[in-house]
Amino acid sequence: MIGTFENRIFMPVLTCLNMRILQLHCDNIEYTPTKKEIKSAEDIVDLQTQRLEELVVVFVAIENGDDSSVAQNAISQIKASMEKIGCKKLLLYPYAHLSSNLAKPSTAMNLLKEMEDGASELEVSHSPFGWTKSYKIQVKGHPLAESSKVVTKDSSGLKDDNEITSDALKGESKIRSYWKILSTDGTMTNIGDFDFSKHKKLEVLAKYESAKIRKVDQPPPHVALMKKMGIADYEPASDSGNMRFYPNGRLIKSLIERYVTDRVKEYGGYEVETPIMYDSEHPSMVSYFNRFPARQYNIDSEGKKLFLRFAACFGQFLMANEYQLSYKTLPYKLYELTRYSFRREQSGELVGLRRLRAFTMPDCHAFCKDMPQAIDEIKTRFDLSQSVLKELGIDETDYDMAIRFTEDFYNENKSSIEELVKKHGRPVLVEMWKEKFFYFVLKWEFNFIDGLGKASALSTDQIDVENGKRYGIDFVDENNVKQNPIILHNSPSGAIERIIYALLEKAAKDSREGRKPQFPLWLSPTQVRIIPIKEEFDEFVEILAERISINNVRVDIDDRNESIGKRIREAEKEWIRYILVIGEKEANSQNLNIRDRQTGDVREISFDDFITEINEQTRGKPFTGLNLPKYLSKRPNLMV
RNA sequence: GCCAAUGUAGCUCAGCCUGGUAGAGCAAUUGAUUUGUAAUCAAUAGGUCAUGGGUUCAGAUCCCGUCAUUGGCUCCA
């Protein structure tokens with residue numbers, strides 16, 4: 001799986017055997033018992049409406065398995081938080097709907113009584129047990145007014161629901177890692193001793209990762225650009241972090257997707273497609289969750305608790321399970337471009353295209369027979385990733401490399417690790433773990449550093465030594481013995497949205513530094529814009545556009561009734577590389593006068609030379625036609 | 001998720017402090033103009049001032065809640 005530093009455990013709500021409480025600090029509450037819900041309901045005399053003011057209301061669901069210690073635990077935690085908010089009146093409100101695994105009514109009533117007794121120093125009461133009640137409640141507005149909790153037998157007891165973490169994760173903060181810089185000659189230097197003067201971006205990355213130093217006070221420029229260029233935007237009717245892509249954005253994204261997929265297939269990955277949702281209670285998922293947490297979207301459907309995938313791993317592992325693998329067929333590589341993978345990232349983390357809740361991720365797993373084969377393979381994939389980024393328009397100076405491994409793995413594979421660093425050609429940031437904590441023994445990634453000093457990972461690969469076994473994937477080795485493969489998890493480009501983010505941030509930087517921002521030509525929504533000077537050239541222009549477009553070039557025509565100056569200005573604002581102004585002179589000539597945005601000059605060139613010049617720049621890249629009307633007069637403006 | 005800032009026409013923003021007729025530029029529409037390499041001219045239309053409450057004779061403006069975006073924290077592909 002890619003992205004192991006997601007630190008939230010999945011905790012199926014229905015399987016918790018703990019008291020669940022919802023605590024509200026209220027101005028007032030009014031409730032009226034209406035009718036008995038169960039036979040064993042509490043006997044009460046007073047059926048009048050009760051009204052209480054300035055109090056804490058605690059809705060309680062007592063679950064199967066709760067006992068006296070849980071009740072004591074709960075009440076002492078409630079008392080502690082009431083002291084914090086300075087409130088002395090408490091109403092315990094039995095509320096079965098917080099749980100679907102309720103305790104027997106008799107047990108519940110006893111525990112409720114026990115809680116009430118445990119708070120005798122407060123003004124405490126409870127609403128009748130087992131009755132249907134109507135109620136009206138006014139909750140206060142301060143931040144501590146509302147909290148929901150799960151109380152366990154454990155003495156540490158009470159935690160906010162979303163703070164529950166697995167043992168594995170609790171341990172994560174105790175991981176001992178050493179941050180170093182590994183140079184191309186194999187020397188390891190402490191970060192404090194390293195001379196960063198020639199490696200500014202690496203310094204940013206090192207500080208970002210190890211010391212958490214960041215300084216930014218403005219929105220990332222790509223957010224305005226993605227709207228202005230008609231690429232992508234927020235979709236208010238969806239959840240945060242789920243973007244809409246306009247025609248220009250879809251065209252760019254689709255071309256990048258196709259390019260990455262082509263490259264992975266060329267490398268030997270076989271493209272598959274797997275479901276986007278899985279049953280969290282399916283046996284193959286249960287143990288996985290306890291080890292590989294990510295916050296995810298959950299869906300309840302016909303009694304199943306489904307979740308949206310946060311990576312392509314499960315699908316490919318389950319599929320690999322169906323193969324009869326032999327050492328002779330390894331390494332075997334499965335690949336999927338997930339549209340989408342979902343991670344319910346914390347809302348405060350989401351910015352433009354940099355970090356999303358729904359994203360498109362190329363994910364290629366290689367199943368290898370042993371460590372030497374895995375190491376061999378990871379080198380090939382390293383080259384692939386470097387080359388893919390370069391061809392996408394992100395060159396080596398735009399990113400820096402981080403590599404993480406266990407101390408044991410380093411000692412046994414020093415030369416291979418150094419070889420990766422040499423391929424990168426510059427010093428890299430190292431995180432070395434004293435012991436294996438995650439499912440992998442090595443992970444490297446390329447981090448794009450944007451103009452504001454923000455680092456985000458693009459390409460990555462990992463050597464996974466656990467999931468083969470966990471998923472029961474096996475192959476037969478040379479000695480006819482079943483073994484579990486070592487699995488590599490590679491994304492050669494990282495998330496596609498993040499590539500677009502990187503390209504836009506690069507463009508913004510160019511613009512800031514006085515250069516003209518530009519997409520790589522093969523990704524430009526319009527590659528050539530034709531501007532006829534007068535209507536009388538319309539027919540000539542139509543034919544010219546056709547001649548250009550059959551050579552796999554995206555060409556459009558600005559036939560609007562606007563001045564030449566204005567139309568050129570707008571083409572420039574769309575970052576269109578080539579502009580052809582067509583008038584008398586051109587209509588009577590074999591040559592074209594092209595305005596080249598890269599130089600800003602107008603030059604005369606023959607038709608064939610022009611096509612050749614374009615095709616040379618787009619060679620080896622996928623092509624698709626215009627994704628907007630050919631005539632600008634037919635094109636509504638997108639004002640975002 | 002926590003802390004903070006922001007939310008006014010399709011877009012960018014002014015007005016808010018000090019409550020009393022909703023404002024500009026760009027875009028759109030219509031008309032004129034037929035243009036030679038980064039903005040032709042004129043007219044018209046366009047707004048429950050994010051949203052829900054509160055205070056007030058009166059709320060875009062003051063107060064509170066909610067939602068969204070952005071920054072920081074935490075986190076990371």
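Only this structure's heavy atoms are used, side chains among them; waters, hydrogens and symmetry mates stay out. Order of the sequence lines fixes the chain letters, A, B, ..., with proteins taken first and strands second; residue numbering starts at 1 for each chain.
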Can you name the residues that form a ring pair (Phe, Tyr, Trp, His ring centres under 6.0 Å) with [X], not counting sequence neighbours?
X	result
A/Tyr340	none
A/Phe519	A/Trp575
A/Phe359	none
A/Phe405	A/Tyr410

Task: Test salt bridge (Lys or Arg N to Asp or Glu O under 4.0 Å) applied to A/Arg515 - qualifying residues, sequence neighbours left out - done: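 Partners of A/Arg515 by the salt bridge (Lys or Arg N to Asp or Glu O under 4.0 Å) criterion, ordered by chain and then number, come out as A/Asp510, A/Glu513.
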Task: Positions of residues 576-587 of chain A (non-hydrogen atom under 4.0 Å from RNA chain B), listed by number - done: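 Contacting residues: A/Val581, A/Gly583, A/Glu584, A/Lys585, A/Glu586.
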TODO: Find the distance A/Glu345:CD to B/rU74:P and express it as a whole number of Å.
DONE: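 So the CD-P distance, A/Glu345 to B/rU74, works out to 16 Å.
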Open item on the list: From CD1 of A/Ile530 over to C1' of B/rU37, roughly how many Å is that when rounded to an integer?
Closed with: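 It works out to 15 Å between those atoms.
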- [ ] Report yes if at least one side-chain N or O of A/Lys454 is closer than 4.0 Å to OP1 or OP2 of B/rG71; otherwise report no.
- [x]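 So the side-chain polar atoms of A/Lys454 never come under 4.0 Å of the phosphate oxygens OP1 or OP2 of B/rG71.
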Please write out the pairs of protein N or O atoms and N or O atoms of nucleotides 40-42 of chain B separated by less than 3.5 Å, giving the distance to one decimal.
residue	atom	partner	partner atom	Å
B/rU40	OP1	A/Ser563	OG	3.4
B/rU40	OP2	A/Ser563	OG	2.4

TODO: Give A/Gly600 one of three labels, base, sugar-phosphate or nothing, depending on what nucleic acid heavy atoms sit under 4.0 Å from its own.
DONE: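 Answer is nothing: A/Gly600 stays at 4.0 Å or more from every strand.
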TODO: May I ask you to say what A/Ile531 touches in the nucleic acid, namely base, sugar-phosphate or nothing, with a heavy-atom cut-off under 4.0 Å?
DONE: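 Result for A/Ile531 = nothing.
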Open item on the list: Run the side chain to side chain donor-acceptor pair (under 3.5 Å) test against A/Thr397 and tell me which residues pass, sequence neighbours left out.
Closed with: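 With neighbours one apart ignored, the set is A/Asp395.
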Task: Non-neighbouring partners of A/Arg603 that pass side chain to side chain donor-acceptor pair (under 3.5 Å), sequence neighbours left out - done: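 Result, side chain to side chain donor-acceptor pair (under 3.5 Å) vs A/Arg603: A/Asp596, A/Glu613.
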Open item on the list: Looking only at the aromatic ring of each residue, does the gap between the centers of A/Phe310 and A/Tyr278 stay below 6.0 angstrom?
Closed with: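 No.
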